[in-house]
Amino acid sequence: KAGVTQTPRYLIKTRGQQVTLSCSPISGHRSVSWYQQTPGQGLQFLFEYFSETQRNKGNFPGRFSGRQFSNSRSEMNVSTLELGDSALYLCASSSDRFSEQYFGPGTRLTVT
Amino acid sequence: DQQVKQNSPSLSVQEGRISILNCDYTNSMFDYFLWYKKYPAEGPTFLISISSIKDKNEDGRFTVFLNKSAKHLSLHIVPSQPGDSAVYFCAASGGNFNKFYFGSGTKLNVKP
């Protein structure tokens, strides 16, 4: 079974630009969650999608948004990038509640 | 608001000995807990989970203990191996589906 894939793996953007990150979950998994990892902060929950609906949301500004398609693939968008948005963005998929989440390798975003 | 805390940023253990990684949480609604291992440049890898109806779960060399009254869980690795050297994250969820709160991680170094 193929794992969670994320594209692109690395990205460099300029302040004020916007960016879209993509995540393909494990086949059959309907839940996709996004996390931001910064040094010393651990993983911060962004949002979770299940069957194309946002089911949970973390404490991030509205510049961070996402969506999920009918094939469970998910995209995350960050608009008006700030320097502080530089981080590793991780996507995780699971079949549902009380199921472990499987993580992709992440997208390393650098904002200059 | 850090609802899940890993107070030891690093731990060094001799090969063959026991590694004990600790995690504390504040939210009594949490009912599902997981441990992940993370190598540099990779996404976290699921290790072991425990639900609040249990106080212990074992999988090979890995055992997770849950003390609900103390809001504390721990991961025991016996015997520790150099390949176990990585950053370990604990995560917790409850109430909301699949909204996980992660600790800041403990870097384990197993010396040969």
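Residue numbering restarts at 1 for every chain, and letters A, B, ... go by the order of the sequence lines. Every heavy atom of this structure was used, including side-chain atoms; hydrogens, water molecules and symmetry mates were not.
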Item to check | Which atoms of A/Tyr35 approach chain B - backbone, side chain, both or neither, heavy atom under 4.5 Å | outcome: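 Looking at A/Tyr35, just its side chain touches chain B.
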
Next on the checklist: Given heavy-atom pairs under 4.5 angstrom as the criterion, report whether the side chain, backbone, both or neither of A/Leu43 touches chain B.
Outcome noted: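 Interface part for A/Leu43: both.
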
Item to check | Selection from A/Gln37, A/Gln44, A/Arg9, A/Gln6 maximising heavy-atom pairs under 4.5 Å formed with chain B | outcome: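 That would be A/Gln37.
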
Item to check | Residue pair B/Ile53 / B/Ser51, side-chain heavy-atom distance below 4.5 Å | outcome: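 Contact flag for B/Ile53/B/Ser51 side chains = yes.
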
Item to check | Contact list for residues 10-20 of chain A, test salt bridge (Lys or Arg N to Asp or Glu O under 4.0 Å), sequence neighbours left out | outcome: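 Output for this query is empty, none listed.
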
Next on the checklist: Check the orientation of B/Phe33 and B/Tyr25. Use parallel for under 30°, tilted for 30 to 60°, and perpendicular for over 60°.
Outcome noted: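 B/Phe33 vs B/Tyr25 ring planes: tilted.
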
Checklist entry - Just checking, is any N or O donor in the side chain of A/Asn77 or A/Thr20 under 3.5 Å from an acceptor N or O on the other one? => result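 Side-chain D/A pair, A/Asn77 to A/Thr20: present.
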
Next on the checklist: So for B/Phe100, is it side chain, backbone, both, or neither that comes closer than 4.5 Å to the heavy atoms of chain A?
Outcome noted: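 For B/Phe100, the contact with chain A is made by backbone and side chain together.
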
